A.B. asks: 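Have a look at this one before I ask anything.
These figures come from a predicted structure and were not determined experimentally.
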2 protein chains.
Amino acid sequence: MSQIYEKIARPRRLPDEIAEKLSNDINSGALKAGDKLPTEQKLSLAFGVARTVVREAISQLKFEGLIQSKQGVGAFVTNPDQKSVFRIGSSCFKKRKELAMVLQLQTSNLSASAALAAENRTSEDLSALTELHESILNSPDPSSYEITEALLDTIRSFYLAIAKASGNIHFLEIIRMIDTRLNENLRSVAIKNLMATDVNLIRSELTSIHEQILQANSESSRLATRSHFEKSTERLLARADERDV
Amino acid sequence: MSQIYEKIARPRRLPDEIAEKLSNDINSGALKAGDKLPTEQKLSLAFGVARTVVREAISQLKFEGLIQSKQGVGAFVTNPDQKSVFRIGSSCFKKRKELAMVLQLQTSNLSASAALAAENRTSEDLSALTELHESILNSPDPSSYEITEALLDTIRSFYLAIAKASGNIHFLEIIRMIDTRLNENLRSVAIKNLMATDVNLIRSELTSIHEQILQANSESSRLATRSHFEKSTERLLARADERDV
DNA sequence: AAAAACATGTTGTCAGACAACCTGTTCTTG
DNA sequence: CAAGAACAGGTTGTCTGACAACATGTTTTT
């Protein structure tokens, strides 16, 4: 969020590529639950890589819960309800409809966080929220790209502060994860969208959220947050409709 | 859900052990964001295992987003806000308060799913929901452990059917994941709790959810689901208070 | 002084070997 | 003949050593 010029274009490693191919085969149904994977030797031959590479790939998928392996027998695709992690793939930001699903998820979790925050917020949470809120109110109107970028990050921090104030670590973690993925895939769209929006509208929506959490009004916090996110989603999707995404 | 006698006591593999140790060091703060991990050679020496084992462990943590590595330089702990997966560890079911957090998360996501389900349900979704609902209504009252077990699984399937009917794959996946973890860690408590509860109460709550989704009433579905889950949580926590968890 | 070459350390990949384990087959033994 | 033991083959788990690819700091050359 703070550092700039990061994360661009790291070269893909072989294990990652293979893990993705296997993962796709599983998700696409080419490999069904209970199926036995080809042996590591066959896979390494088929992909033309060393067995260690295949093993690292399988190790990742085991960690994710997609695969279980038994020594001396083989590796098997597990039932989908044995997955032990939740992740959002990069492919989920391609189409407008898929993007909408991710935003629905974020909306749901942040609304619930806001409701909990109204009940559980500590004084540190409150001062953090207030500080970010003031910063948003006092920020210059988005004219340049850079200014808008800073505003966006402040708003994102405000969201995360709500998640933290909920007192529920799981909400913080999942919201943070989704925020990260959204930022990775949609940052430029979000910024352009923000530049084309009436910022005072957003300010008033966020003020309402802040106000309700401040007053420890759980249900109102939930509704204000949901309302804000649903509007934000509409704005973003309208924008995403026109262009790159 | 259907198969019995599973999942007990598989021997831990070395990479998993090492991944967990490193993961703990990161979560406990012994390794902070930006820190450089010891080299693979030093780690393999320190743990007394081969470098391939260390590499598999690191590969898992990279996959999780906890670590980034640069060829020729080293491996580094990433900021917590770069994690690309969401997972709930087994430690989150130990204490009553931690369990409550997991249940809050499930409540939030299932409520949102129900609201979406009321809008997006297909006819297949409806028949699946109706069938499960009828099955719950007609189920014998929980007397024996086995009967209660079957009822619990039917109710769980009903929840998952709601998630599926939302039409949002992410809700289905995260709800399924949480359900799996809850079932792994709390199944026996949940069954005993169900045996000690007035099942007609639960039946009427679920009927209300079913009814509202059937009538495509989004907000009522949301509220009915939240209400049901909050009551369920209370019942379960009261029970968990007394005993094993 | 700047650029090129080199040295060193680290991760990424490769190849081969053996250990641990599972399964089915064959052999032994009662 | 049947039950158990021994064996054989295949697969995953671990180990070892080597080299390639890359980054960084040092030395040498121009």
A.B. asks: Between P on C:dG12 and NZ on B:K70, what's the gap in Å once rounded to a whole number?
C.D. replies: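 Distance check: B:K70 NZ to C:dG12 P gives 12 Å.
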A.B. asks: Tell me the interatomic distance from A:L43, atom CG, to C:dT13, atom P, rounded to whole angstroms.
C.D. replies: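 After rounding, the gap between these two atoms is 16 Å.
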A.B. asks: In terms of side-chain geometry, is the basic nitrogen of B:E184 or B:R181 positioned less than 4.0 Å from the acidic oxygen of its partner?
C.D. replies: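 Here B:E184 pairs with B:R181 in a salt bridge, since their nearest N and O are under 4.0 Å apart.
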A.B. asks: Are the charged groups of B:E149 and B:R187 less than 4.0 angstrom apart, N to O?
C.D. replies: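 Yes, charged N to carboxylate O under 4.0 Å.
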A.B. asks: Does atom NZ of A:K42 have more than 12 heavy-atom neighbours from other groups under 6.0 Å away?
C.D. replies: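 Result for NZ/A:K42: open.
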A.B. asks: Return no unless some side-chain N or O of B:K42 is found under 4.0 Å from OP1 or OP2 of C:dG9.
C.D. replies: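 B:K42 to C:dG9 OP1/OP2: no side-chain N or O under 4.0 Å.
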A.B. asks: On DNA chain C, does the nearest nucleotide to A:L14 precede the nearest nucleotide to B:G72 from the 5' side, or the other way round? Give the residue.
C.D. replies: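 The answer here is B:G72.
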A.B. asks: Using whole Å, what does the distance between atom P of nucleotide C:dC22 and atom CZ of A:F76 come to?
C.D. replies: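 Taking CZ of A:F76 and P of C:dC22, I get 12 Å after rounding.
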A.B. asks: As a test of reading the structure: which of C:dC14, C:dG12, C:dC21 is closest to the side chain of A:Q71, going by heavy atoms?
C.D. replies: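 Among the listed nucleotides, the one closest to the side chain of A:Q71 is C:dC21.
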A.B. asks: Between atom CZ in B:R13 and atom C1' in C:dA19, what is the gap in whole Å?
C.D. replies: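 In whole Å, C:dA19 C1' and B:R13 CZ are 13 Å from each other.
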A.B. asks: What's A:T52 touching, base or sugar-phosphate or nothing? Going by heavy atoms closer than 4.0 Å.
C.D. replies: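 Base contact.
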A.B. asks: Rounded to whole angstrom units, what separation is found between the CG atom of A:D16 and the C1' atom of C:dT13?
C.D. replies: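 Rounded to the whole Å, the gap is 14 Å.
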A.B. asks: Of all heavy-atom pairs between B:S166 and B:N120, which one has the smallest distance, and what is that distance?
C.D. replies: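 Closest approach of B:S166 to B:N120: O-ND2, 3.1 Å.
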A.B. asks: In whole angstroms, how far is the P atom of C:dG16 from the CZ atom of A:R55?
C.D. replies: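 Taking CZ of A:R55 and P of C:dG16, I get 18 Å after rounding.
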A.B. asks: Mind checking A:T39 for me? I need base, sugar-phosphate or nothing, with any heavy atom below 4.0 Å counting as a touch.
C.D. replies: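 The answer is sugar-phosphate, as A:T39 gets under 4.0 Å only of primed atoms, P, OP1 or OP2.
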A.B. asks: For B:K164, check salt bridge (charged side-chain N to carboxylate O under 4.0 Å, His left out) against everything at least two apart and list the hits.
C.D. replies: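 Salt bridge (charged side-chain N to carboxylate O under 4.0 Å, His left out) list for B:K164, sorted by chain: B:D125.
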A.B. asks: Would you say that more than 12 heavy atoms from the other residues, nucleotides or ligands in this model lie under 6.0 Å from the CD of B:E17, or not?
C.D. replies: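 Enclosed: over 12 neighbouring heavy atoms sit under 6.0 Å from CD of B:E17.
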A.B. asks: Side-chain atoms of residues 49-57 of chain B: list all donor-acceptor pairs with protein atoms under 3.5 Å, sequence neighbours left out, distances to 0.1 Å.
C.D. replies:
unit_1: B:R51; atom_1: NE; unit_2: B:E40; atom_2: OE1; d: 2.7
unit_1: B:R51; atom_1: NH2; unit_2: B:E40; atom_2: OE1; d: 2.9
unit_1: B:R55; atom_1: NE; unit_2: A:E56; atom_2: OE2; d: 2.9
unit_1: B:R55; atom_1: NH1; unit_2: B:E40; atom_2: OE1; d: 3.4
unit_1: B:R55; atom_1: NH1; unit_2: B:E40; atom_2: OE2; d: 2.9
unit_1: B:R55; atom_1: NH2; unit_2: A:E56; atom_2: OE2; d: 3.3
unit_1: B:E56; atom_1: OE2; unit_2: A:R55; atom_2: NE; d: 2.9
unit_1: B:E56; atom_1: OE2; unit_2: A:R55; atom_2: NH2; d: 3.3

A.B. asks: I'd like the 5' and 3' limits of the part of DNA chain D contacted by chain A, with heavy-atom contacts below 4.0 Å.
C.D. replies: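 With heavy atoms of chain A under 4.0 Å away, the range is D:dG10 to D:dT14.
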A.B. asks: In whole angstroms, how far is the P atom of C:dT13 from the CZ atom of B:R51?
C.D. replies: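 Distance, rounded to whole Å: 11 Å.
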A.B. asks: Between P on C:dT11 and CD on A:E56, what's the gap in Å once rounded to a whole number?
C.D. replies: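 After rounding, the reported distance stands at 12 Å.
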